[in-house]
Protein chains: 2
Amino acid sequence: MIKRRNTTTQEAVLAVLKSKRKAMSHDAVFQLMDVDADRATVYRILNRFCKDEIVHKIVADDGKQYFAICDNCEGLPPIPANHFHFRCTQCETIECLAEPITYSLPDNYIVQQTNCILVGVCKDCR
Amino acid sequence: MIKRRNTTTQEAVLAVLKSKRKAMSHDAVFQLMDVDADRATVYRILNRFCKDEIVHKIVADDGKQYFAICDNCEGLPPIPANHFHFRCTQCETIECLAEPITYSLPDNYIVQQTNCILVGVCKDCR
DNA sequence: TAAATAAATGCAACAGTGTTGCATTAAAGA
DNA sequence: TCTTTAATGCAACACTGTTGCATTTATTTA
Ligand SMILES: [Zn+2]
Ligand SMILES: [Zn+2]
Ligand SMILES: [Zn+2]
Ligand SMILES: [Zn+2]
């Protein structure tokens with residue numbers, strides 16, 4: 001793997017992701033960062049984190065990418081992120097659920113990744 | 001519900017969706033139509049079909065919307081489309097699986113919709 | 001410590017997807 | 001045939017995410 005360097009922007013992105021224990025969109029991360037950086041740079045950092053398996057990416061039903069460093073993933077390889085995600089339509093947050101994704105497939109299908117989102121109202125919002 | 005009118009464009013979109021038994025992106029539908037219409041019109045038709053529950057929409061992990069009129073859905077209300085979808089990375093198709101989505105949730109969560117995609121290689125491509 | 005290397009960044013431009021306002025067309029009913 | 005209004009075409013727009021390229025800067029090496 002390519003050697004990584006420590007940069008303040010990178011640290012800032014990581015700090016934001018760690019502060020919220022939810023999946024965050026690029027824009028949400030960008031807004032909350034305490035150092036200012038270029039949009040493209042933040043995208044590149046997030047994608048780098050994915051490659052390095054520091055975070056995992058979920059594409060929600062709004063078509064946007066969300067990035068999460070979740071408790072459930074700690075220790076475990078986050079890819080494939082085979083747990084459900086929950087998007088609350090009230091508080092507009094996306095969180096990792098401990099619930100693993102289970103299914104039975106027709107013959108001869110091979111699953112490499114999953115992207116599963118349950119949409120509804122979370123415990124805090126009902 | 002608002003009264004609908006029959007139009008050739010609408011028929012063409014429906015014909016395309018029926019011809020392939022897969023979930024199709026706007027673009028794929030647009031390419032395969034035998035009458036030429038405006039992009040925006042096709043988008044409006046597809047969204048109308050969703051409202052009228054003629055098709056259901058899936059957002060894949062590429063962030064794009066896909067529209068399907070699937071066998072499994074016939075008779076059943078397609079929303080929430082609580083079955084898994086499978087995207088094959090080889091033939092780049094998305095299909096509805098008969099497999100229903102099952103999960104157990106933390107207390108006090110309510111699920112209103114699902115958007116679950118399994119990604120891998122389908123039976124025809126391995 | 002100073003020079004060399006290349007990873008990371010800033011900036012700008014771009015591609016792609018999807019939506020919306022508004023004037024016009026045309027389907028359905030009287 | 002006339003009326004009503006759903007549906008369309010066109011254009012412009014918003015938004016998300018990516019990429020090329022010159023520049024900066026973290027890290028290694030001398
Ligand atoms: Zn909530
Ligand atoms: Zn997760
Ligand atoms: Zn296939
Ligand atoms: Zn389906």
Side-chain angles (χ1 to χ4, degrees), chain A residues 1-17 23-68 87 92 94 113 115 117, chain B residues 1-17 23-68 85 87 92-94 113 115 117:
Chain A
M1 203 220 296
I2 301 159
K3 197 70 165 296
R4 300 297 182 207
R5 292 179 183 179
N6 276 350
T7 66
T8 53
T9 313
Q10 212 170 131
E11 293 298 309
V13 171
L14 195 59
V16 170
L17 285 170
M24 302 180 72
S25 67
H26 159 269
D27 192 56
V29 173
F30 191 66
Q31 303 290 342
L32 289 175
M33 286 173 54
D34 51 1
V35 302
D36 58 290
D38 192 70
R39 250 166 32 88
T41 303
V42 176
Y43 272 113
R44 277 189 271 233
I45 289 171
L46 289 170
N47 286 330
R48 210 153 60 216
F49 283 172
C50 284
K51 271 199 210 108
D52 297 351
E53 305 195 351
I54 294 168
V55 303
H56 65 279
K57 184 191 291 189
I58 310 114
V59 177
D61 55 326
D62 59 1
K64 286 167 59 182
Q65 303 178 346
Y66 290 80
F67 301 86
R87 181 167 75 81
E92 278 303 345
I94 296 178
Q113 309 166 37
N115 191 81
I117 296 158
Chain B
M1 201 219 298
I2 300 158
K3 196 68 166 296
R4 300 298 183 205
R5 292 178 183 179
N6 274 350
T7 65
T8 53
T9 313
Q10 212 170 131
E11 293 297 310
V13 171
L14 195 58
V16 170
L17 285 170
M24 303 180 72
S25 67
H26 160 267
D27 194 56
V29 172
F30 191 66
Q31 302 290 342
L32 288 176
M33 286 172 53
D34 50 0
V35 302
D36 58 292
D38 193 70
R39 251 166 31 90
T41 302
V42 175
Y43 271 112
R44 277 190 272 233
I45 289 171
L46 290 170
N47 285 331
R48 210 152 60 217
F49 283 172
C50 284
K51 272 199 210 106
D52 297 351
E53 305 195 353
I54 294 168
V55 304
H56 64 278
K57 185 192 289 189
I58 311 115
V59 177
D61 56 326
D62 60 1
K64 286 166 60 181
Q65 304 179 345
Y66 289 79
F67 301 86
H85 293 91
R87 181 167 74 81
E92 279 302 346
T93 63
I94 297 178
Q113 309 165 38
N115 191 82
I117 296 158

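Quick note: numbers below take in every heavy atom, side chains included, and nothing from hydrogens, waters or symmetry partners. Letters A, B, ... are given to chains in the order of the sequence lines, protein chains preceding strands, and every chain is numbered from 1.
- Nucleic acid contact class of B:S25 (heavy atoms, under 4.0 Å, all strands): none.
- A:K57 has its side chain out of reach of A:F49: every pair of non-hydrogen atoms, C-beta onward, lies at least 4.5 Å apart.
- A straight line from CG of A:L46 to C1' of D:dT18 spans 13 Å, rounded to a whole angstrom.
- Here CE of B:M33 is found 8.0 Å from OG1 of B:T8. Values are rounded to the nearest 0.5 Å.
- Summary of the strand contacts: A:D36 and B:G63 both lie near DNA chain C, and taking for each the nucleotide with the nearest heavy atom, the more 5' one is attributed to A:D36.
- In this structure, A:M24 atom CE and D:dT16 atom P are separated by 14 Å, rounded to whole Å.
- Look at CZ on B:F49: it is 18 Å from C1' on C:dG18, rounded to the nearest Å.
- For D:dG17, the base has a donor-acceptor partner in the side chain of A:R39 [N/O atoms by modelled type, under 3.5 angstrom].
- No side-chain heavy atom of B:R87 sits less than 4.5 Å from a side-chain heavy atom of A:N115.
- Annotation: the terminal axes of the helix from C:dT1-D:dA30 to C:dA30-D:dT1 meet at 30°, where each axis is the rotation carrying the C1' atoms of four end pairs onto the next four (5 pairs per end, rounded to 10°).
- At a threshold of 4.5 Å between non-hydrogen side-chain atoms, the residues B:I45 and B:R48 count as touching.
- What separates CG of B:D38 from P of D:dT8 is a distance of 10 Å, to the nearest Å.
- Spacing between atom CE of A:M33 and atom C1' of C:dT9 amounts to 12 Å, rounded to whole angstrom units.
- Note: A:H26 and A:Y43 have parallel aromatic rings, judged against thresholds of 30 and 60 degrees for the angle between ring planes.
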Is there any protein nitrogen or oxygen under 3.5 Å from a nitrogen or oxygen in nucleotides 28-30 of chain D, and what are the pairs?
unit_1	atom_1	unit_2	atom_2	d
D:dT28	OP1	A:K3	NZ	3.4

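- Looking at heavy atoms from C-beta onward, A:I117 lies in side-chain contact with A:I58 at the 4.5 angstrom threshold.
- Checking side-chain atoms of A:D52 against main-chain N and O of A:I54 turns up no donor-acceptor pair under 3.5 Å.
- Residue A:T41 places none of its side-chain N or O atoms closer than 4.0 Å to OP1 or OP2 of C:dA8.
- In this structure, the nucleotide among D:dA7, C:dT9, D:dT8 sitting nearest to the side chain of B:I45 is D:dT8.
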Criterion side chain to side chain contact (heavy atoms under 4.5 Å, CB included) on B:T93 and B:Y66, from CA distance to verdict: CA-CA 10 Å; B:T93 63; B:Y66 289 79; over 6 Å; no
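- Between the CD atom of B:E11 and the P atom of D:dT8 there is a distance of 11 Å, rounded to whole Å.
- Contact of the A:L46 side chain with the A:L17 side chain is registered, since non-hydrogen atoms from C-beta on lie closer than 4.5 Å.
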Sugar-phosphate or base contact per nucleotide [nucleotides 21-27 of chain C; S, B, -; heavy atom under 4.0 Å]: B----BB
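- The distance from atom NZ of B:K64 to atom P of C:dT19 is 14 Å, rounded to the nearest whole Å.
- Interatomic distance, OG1 of B:T9 versus CZ of B:R44, reported as 11.5 Å (0.5 Å rounding).
- Note: CZ (A:F30) to P (D:dT16) measures 12 Å, nearest angstrom.
- Counting heavy atoms from C-beta on, the side chains of B:Q31 and B:D27 come closer than 4.5 Å.
- For the atom pair CZ (A:F30) and CG (A:D38), the distance works out to 7.0 Å, reported to the nearest 0.5 Å.
- Of the side-chain N and O atoms in B:Y43, none sit less than 4.0 angstrom from OP1 or OP2 of C:dT19.
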